[in-house]
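What follows is a set of notes on a single structure, which appears directly below.
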Amino acid sequence: MLILLKNNAAEHDITRLIESIKQSGYSYARHREGRTDMIELEGAPAYFQLDFFKSFPSVKKVVTSLDFSEKVYRANKKGDTVISAGGRRIGGKNIELIAGPCSVESFEQTERIACALSEMGVKLFRGGAYKPRTSPYSFQGLNEKGLKILSEVAKKYKMAIVTELLDVRNIDKVCEYADIIQIGTRNASNYPLLKEAGKLKKTILLKRGVSSTIKEFLLSAEYIMCQGNSRIILCERGIKTFETAAYRTSLDITAVSIIKEVSHLPVIVDPSHSAGAWNLVESLSLASVAAGADGIMIEVHDKPQEALSDAGQSLKPEKLKPLIEKALKIAGCFNKTFMGRKERLK
Ligand code: PEP
Ligand code: MN
């Protein structure tokens, strides 16, 4: 990376810039080519550092091999992408809530949960029919029967369906029932699947791979976008780190802010899969709203002890109510609506 300096740059500002470069851990060399003074840095900078270096008065231009030519970047689209689904908008000035069970287990279970959520104003109902389980011996989902249950229940409560597409062979079936198609963390780098999703006229909720960098995550979205589908919701759901405390993955809140900065696509957070523990879901949800997320996706089960998947992270419906009220307040601080509602400030 090259930092080109202005001809009349003040030496004290250049010294400040070099100090920052050193503090960021780069080795550097100062050159002069013709009449231009420049600083050459080794290594690829993070996105936010580009802007930071550009902010020094002595800097004329930052030249980097990082190009932002992909469609996912703000450089290539004016304004935020806003997705409409189930009569709600994800992105822009609204923060949305997607909620529902991890898996569709039966008509009765799905109906009970949908009924409770509908009373709280939830419009986007999630539920897995095809389940990506770590163990092949765990419940794998009800498959097409699950989609039919989702469809019946969602129709009754006038909700939109968010459900996972696991395998390219099920595209037609999932498309028939889903309003928003989820591509899960395990498939975040399944490029043939992403390309097919790019050919659909459906919104795709793309989760970040547990080991994907932000750049890799955005390039996964690019696989969808370059096929013509720009209806994409990005979802941060935690990444693998060295942490061994009793939670599943580390929620990368920083990624939310960074992605919002560089990409026009809406970004939501899934605190449930990130934490793997219901008692952490509220705080992670609120932190996500404060960090600028465009939505949160929460797993809810009225009888978590009986859930066939992700029992430990499923929130009881009555625990969602106070979370919604608190999220509404935080959204209000940023002059945003939550689930289409505006907090009336007293
Ligand atoms: C899910 O949403 O049910 C799921 C399996 O999520 P993830 O892909 O994030 O593990
Ligand atoms: Mn789950």
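Computation of the quantities below employed the complete heavy-atom set of this structure, encompassing side-chain atoms and omitting hydrogens, waters and symmetry-equivalent molecules. Counting starts at 1 for both ligands and their atoms, following the listed order.
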Applying side-chain hydrogen bond (donor to acceptor under 3.5 Å, both in side chains), run through Tyr130 and Gln140 and close with a yes or a no.
CA-CA 6 Å; Tyr130 298 92; Gln140 302 285 308; over 6 Å; no

message: Show, in sequence, the C-alpha distance, side-chain angles and deciding distance for His31 and Asp37, and conclude whether the side-chain hydrogen bond (donor to acceptor under 3.5 Å, both in side chains) test is met.
response: CA-CA 6 Å; His31 303 293; Asp37 236 347; over 6 Å; no

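- Lys78 places none of its side-chain heavy atoms less than 4.5 Å from the side chain of His264.
- Lys207 pairs in a side chain to side chain contact (heavy atoms under 4.5 Å, CB included) with only one of the listed residues (His273, Glu164, Glu236), which is His273.
- A side-chain donor-acceptor contact under 3.5 Å links His301 and Glu105.
- Polar contact check, Lys207 against ligand 1: a nitrogen or oxygen pair lies under 3.5 Å apart.
- At under 3.5 Å, a nitrogen or oxygen of Arg186, whether backbone or side chain, sits near a nitrogen or oxygen of ligand 1.
- Near Gly184, the atoms of ligand 1 lying under 4.0 angstrom from a non-hydrogen atom of the residue are 8 (O).
- Taking the Mn ion (ligand 2) as reference, the nearest N/O/S atom within Glu299 carries the name OE2.
- Ring pair Phe52/Phe56 is perpendicular by interplanar angle, where above 60° counts as perpendicular and below 30° as parallel.
- One option in Lys131, Arg208, His273, Arg237 has a heavy atom closer to atom 9 (O) of ligand 1 than any other, and that option is Arg237.
- Residue-level proximity to ligand 1 for Ser309 is absent, since no heavy atom of it falls below 4.0 angstrom.
- Interface atoms of ligand 1 facing Glu299, defined by a heavy-atom separation under 4.0 Å, are 3 (O).
- A 4.5 Å side-chain heavy-atom check between Val262 and Leu218 finds at least one atom pair inside the cut-off.
- Computed with the Mn ion (ligand 2) at the centre, the Cys102 SG to Asp310 OD2 angle is 100°, stated to 10 degrees.
- Here the protein heavy atom with the shortest distance to atom 8 (O) of ligand 1 is Thr185 N, 2.8 Å.
- Comparing Gly209, Pro132, Gly128 by heavy-atom distance to atom 5 (C) of ligand 1, the nearest is Pro132.
- Considering backbone and side-chain N/O atoms, Arg126 comes within less than 3.5 Å of an N/O atom of ligand 1.
- With respect to Asp310 and Arg248, a salt bridge is recorded, a charged nitrogen being found less than 4.0 Å from a carboxylate O.
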